[in-house]
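To start, the structure under review is shown below, and the notes come after it.
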Amino acid sequence: MEFEEGELVEVDTGDDVVPNDDDESVMNEEDDKDEEDDEEMEEGEEDEFTAAVVDQSAASFSMHGDCVYVSAIHPTKPGVVLTGGGDDRGMLWTYQTTSSSSNDEQGEDNAAEGDRNIVQCIELSGHTDTVTAVGFNFDGSMCLTGGYDGLVKIWKTETGELVQSLEGPEDVEWAQWHSKGNAVVAGSKDGTIWMWLAHNGQCVQVFAGHDGEVTCGLFTKDGKTIVSGGEDGSVRLWAPKTGQCKHVFTSAQGAFEGHESIVTSLAGSDDGEYVVSGGMDGQVRLYLVPKKKLLQKFTHSSPTKSQDKADVPPPPPNLSSDKAGEDFDPSDDIEEEDEMRVQGVECVGVSAKEWKYVASGGSDKTLKIWDITTGTCRCVCQHDDEVVALKWHATLPVVVTACLDRKVRIWDARSGACMQEFTGHRDIITNLDFCQQPVVSNDKGQMSTVQGDVIVSVSDDGTAKVFVVNLQALLA
């Protein structure tokens, strides 16, 4: 038999050995032992990490039976928090607001897992799937929970009594109260947005137009517009009273006003003028809502090659190829669409009007501060893992971030300096809320009330943690 030069052939050496049952049993036992050793090593590393965590929180809530995904701080009552998670429940709880020590001191004295400084808890049950949204109405008298079961439930905050169960969407990806009234809006993966009156459960509008899931949305702070972002990459402005779509920002047909991939997050300014969006395409867009205008485009992260030609190993010396005699380029085998990867934007926010900043956090492990006026990046704040949530302070140039490295950080947006970081969670942080609230301080027996800043973070470890800080003092 003749062979062409360079042709790859299989040669039967006659040395094939068929293993007997005993050999196979021994091999299986060795494989099982290796797997057990690997698992024990991973568990040991995890135990070592969690044992080293210092819980710096002022209060810790652990009554959820699963991961906690969302949180909201009561707008007027200090110490009242609403959380929701994978256990299909909302939890309305109150922590002790009288502080006799700092976060650090309390954490070291109370490092054990479990509830700490929790004085009351009301379970909000009735959902049959994960709770994905929670929130208080404008005066805090009512609260909502929304879930993947397609329900939005309205509750009395004082007692936990169910007021209404709102139905309609296939599921609830997000839900939010009107900023000045008792209307509720929610978005679904079926491409629709629903609006109800909370006191009687009446559905007053169904907004349709997105092609695919409505991933995020909000009422502008003046209550005049609903803004939504979707799987189709568009950002849409809706009229609450008529249900009409007032404008569509899209990247279709070369417009480049929307996103080229899923819109992951939206945030509005306190005056209702601006809305900022972030997407899986690594882009950030700033819109002037009253004029239906795109103001700025910010590139949080650019496409990068997932595999450079230099990283491709050389071919083996006897590699068979149809291109014998030609220069071999292994990168030819890499599909072009797999070469370029973008690390998406996970969260966005707009500062108080005085500062004119936009913030974006993403999978590239950075928080970036953008100047609205110039359109330039003011500073880059490095993290140790993906940034999954951020919140601006109501009046100060300060941003709080939640990171997959299990830490909460406070940043000075003017300089990019990390002012403080908090630990305590034993698994990744999924979300946070942040607001100013009066804090009662007990300093050597002298009781006083000061304006404090409260952060509530939630985590896959099944807990919600409260961190209290005086940002005015930190900035002084």
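Computed from a predicted model, the values in this text were never measured in an experiment.
Across every non-hydrogen atom of Val468 and Ala58, the tightest pair is CG2-CB, 4.1 Å. Here the closest non-hydrogen pair linking Gln343 and Ser363 is NE2-O, 3.7 Å. When all heavy atoms are compared, the tightest approach of Ala186 to Val152 is CB-CG2, 4.1 Å. The shortest heavy-atom contact between Pro240 and Ile226 is CG-CG1, 4.0 Å. Smallest separation of non-hydrogen atoms from Gly84 and Val131: CA-CG1, 3.8 Å. In terms of heavy-atom proximity, Gly272 sits nearest to Pro290 at O-CD, 4.5 Å.
Taking 4.5 Å as the limit, some side-chain heavy atom of Ser277 sits within range of a side-chain heavy atom of Leu266. Side-chain contact between Arg116 and Asp55: present, with at least one pair of heavy atoms (C-beta onward) separated by less than 4.5 Å. Counting heavy atoms from C-beta on, the side chains of Lys224 and Phe219 never come closer than 4.5 Å. At a threshold of 4.5 Å between non-hydrogen side-chain atoms, the residues Trp392 and Trp355 do not count as touching. Using a 4.5 Å heavy-atom threshold, the side chains of Phe249 and Arg285 count as separate. Leu475 has its side chain within reach of Met419: a pair of non-hydrogen atoms, C-beta onward, lies under 4.5 Å apart. Contact check for Arg414 versus Arg378: side-chain heavy atoms found under the 4.5 Å cut-off. Between Phe467 and Val408 the shortest side-chain heavy-atom distance falls below 4.5 Å.
When the side-chain hydrogen bond (donor to acceptor under 3.5 Å, both in side chains) test is applied to His74, the partners found at least two apart in sequence or on another chain are Thr76. The side-chain hydrogen bond (donor to acceptor under 3.5 Å, both in side chains) test applied to Lys180 returns no partner, not counting sequence neighbours. A search for side-chain hydrogen bond (donor to acceptor under 3.5 Å, both in side chains) contacts involving Lys368 returns nothing, not counting sequence neighbours.
Taking 4.0 Å as the cut-off between side-chain N and carboxylate O, Asp149 and Lys153 do not count as a salt-bridged pair. Of the charged side-chain nitrogens involved, none lies within less than 4.0 Å of a carboxylate oxygen, so that Asp453 and Lys391 do not count as a salt-bridged pair. Between Glu158 and Lys77 there is a salt bridge, since a side-chain N of the basic residue sits under 4.0 Å from a carboxylate O of the acidic one.
No side-chain N or O of Lys407 forms a donor-acceptor pair with one of Thr423 less than 3.5 Å apart. Donor-acceptor pairing under 3.5 Å is recorded for the side chains of Thr299 and Gln283. Counted by atom type alone, Thr366 and His300 present one or more donor-acceptor pairs between their side chains at under 3.5 Å. Neither side chain, Thr463 nor Arg426, offers a donor N or O lying under 3.5 Å from an acceptor on the other.
By the neighbour-count criterion of 12 heavy atoms within 6.0 Å, atom NZ of Lys297 is densely surrounded, having more than that number from other residues, nucleotides or ligands. Counting non-hydrogen atoms of other residues, nucleotides and ligands closer than 6.0 Å to NZ of Lys156 gives a total of 12 or fewer. Other residues, nucleotides and ligands place more than 12 heavy atoms under 6.0 Å from the OH atom of Tyr287. Around atom CD of Glu123, more than 12 heavy atoms belonging to other residues, nucleotides or ligands sit under 6.0 Å away.
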Q: Please lay out, stage by stage, how His383 and Trp411 fare under the test ring-ring contact (aromatic ring centres under 6.0 Å, His included).
A: CA-CA 11 Å; His383 292 67; Trp411 302 89; 4.9 Å; yes

Q.
One pair to check against side-chain contact (heavy atoms from CB on, under 4.5 Å): His393 and Thr395. What are the steps and the verdict?
A. CA-CA 6 Å; His393 190 275; Thr395 59; 3.2 Å; yes

Q: Step by step, work out the side-chain contact (heavy atoms from CB on, under 4.5 Å) result for Lys365 and Asp384.
A: CA-CA 6 Å; Lys365 305 180 183 181; Asp384 294 330; over 6 Å; no

Q. Between Val276 and Phe298, is a side-chain contact (heavy atoms from CB on, under 4.5 Å) present by the stated rule, with each step listed?
A. CA-CA 10 Å; Val276 61; Phe298 308 114; 5.6 Å; no

Q.
Does Trp177 form a side-chain contact (heavy atoms from CB on, under 4.5 Å) with Asn182? I'd like the steps, not just the answer.
A. CA-CA 7 Å; Trp177 290 94; Asn182 287 322; 3.9 Å; yes

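Under the 3.5 Å distance criterion, the side-chain polar atoms of Gln296 are matched with a main-chain donor or acceptor of Ile372. Looking only at distances, no side-chain donor or acceptor of Ser125 sits under 3.5 Å from a matching main-chain atom of Arg89. In this structure, the side chain of Ser62 engages the main chain of Asp115 through a donor-acceptor pair within 3.5 Å. A distance-only check finds a donor-acceptor pair linking the side chain of Thr157 to the backbone of Gly140 [under 3.5 Å]. The closest donor-acceptor contact from the side chain of Asp88 to the backbone of Thr130 lies under 3.5 Å. The closest donor-acceptor contact from the side chain of Ser179 to the backbone of Lys221 lies under 3.5 Å. Panel note: side chain Gln205, backbone Lys241; a donor-acceptor pair is recorded below 3.5 Å. Looking at Tyr95, its side chain never comes within 3.5 Å of a backbone N or O of Val81 through a donor-acceptor pair. Side-chain atoms of Thr430 come within 3.5 Å of backbone atoms of Val458 as a donor-acceptor pair (strictly under, hydrogens ignored).
Here SG of Cys143 is found 8.0 Å from CH2 of Trp155. Values are rounded to the nearest 0.5 Å. Interatomic distance, OG of Ser269 versus CG of Leu288, reported as 9.0 Å (0.5 Å rounding). The OG1 atom of Thr94 sits 12.5 Å away from atom CG of Asn117, with the distance rounded to the nearest 0.5 Å. Atom CG of residue Leu144 and atom CG of residue Leu124 lie 10.5 Å apart, to the nearest 0.5 angstrom. Here the straight-line distance linking atom CD of Gln164 with atom CD1 of Ile154 works out to 8.0 Å at 0.5 Å rounding. For the atom pair CE of Met142 and CD of Glu161, the computed distance is 11.5 Å after rounding to the nearest 0.5 Å.
Aromatic ring centres of Phe138 and His178: separated by at least 6.0 Å.
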For residues 195-202, please give each side-chain donor-acceptor pair under 3.5 Å, one per line with the distance, not counting sequence neighbours.
unit_1: Trp196; atom_1: NE1; unit_2: Glu167; atom_2: O; d: 3.3
unit_1: Asn200; atom_1: OD1; unit_2: Gln202; atom_2: N; d: 2.9

Kindly list each side-chain donor-acceptor pair under 3.5 angstrom involving residues 207-218, sequence neighbours excluded, with atom names and distances?
unit_1: His210; atom_1: ND1; unit_2: Asp232; atom_2: OD1; d: 3.3
unit_1: His210; atom_1: ND1; unit_2: Asp232; atom_2: OD2; d: 3.4
unit_1: His210; atom_1: ND1; unit_2: Ser234; atom_2: OG; d: 3.3
unit_1: His210; atom_1: NE2; unit_2: Ser228; atom_2: OG; d: 2.7
unit_1: Thr215; atom_1: OG1; unit_2: Gly229; atom_2: O; d: 3.1
unit_1: Thr215; atom_1: OG1; unit_2: Val263; atom_2: O; d: 2.4

Please list every donor-acceptor pair under 3.5 Å in which a side-chain atom of residues 63-71 meets a protein atom from a residue at least two apart or in another chain.
unit_1: His64; atom_1: ND1; unit_2: Asp87; atom_2: OD1; d: 3.2
unit_1: His64; atom_1: ND1; unit_2: Asp87; atom_2: OD2; d: 3.0
unit_1: His64; atom_1: NE2; unit_2: Thr83; atom_2: OG1; d: 2.8

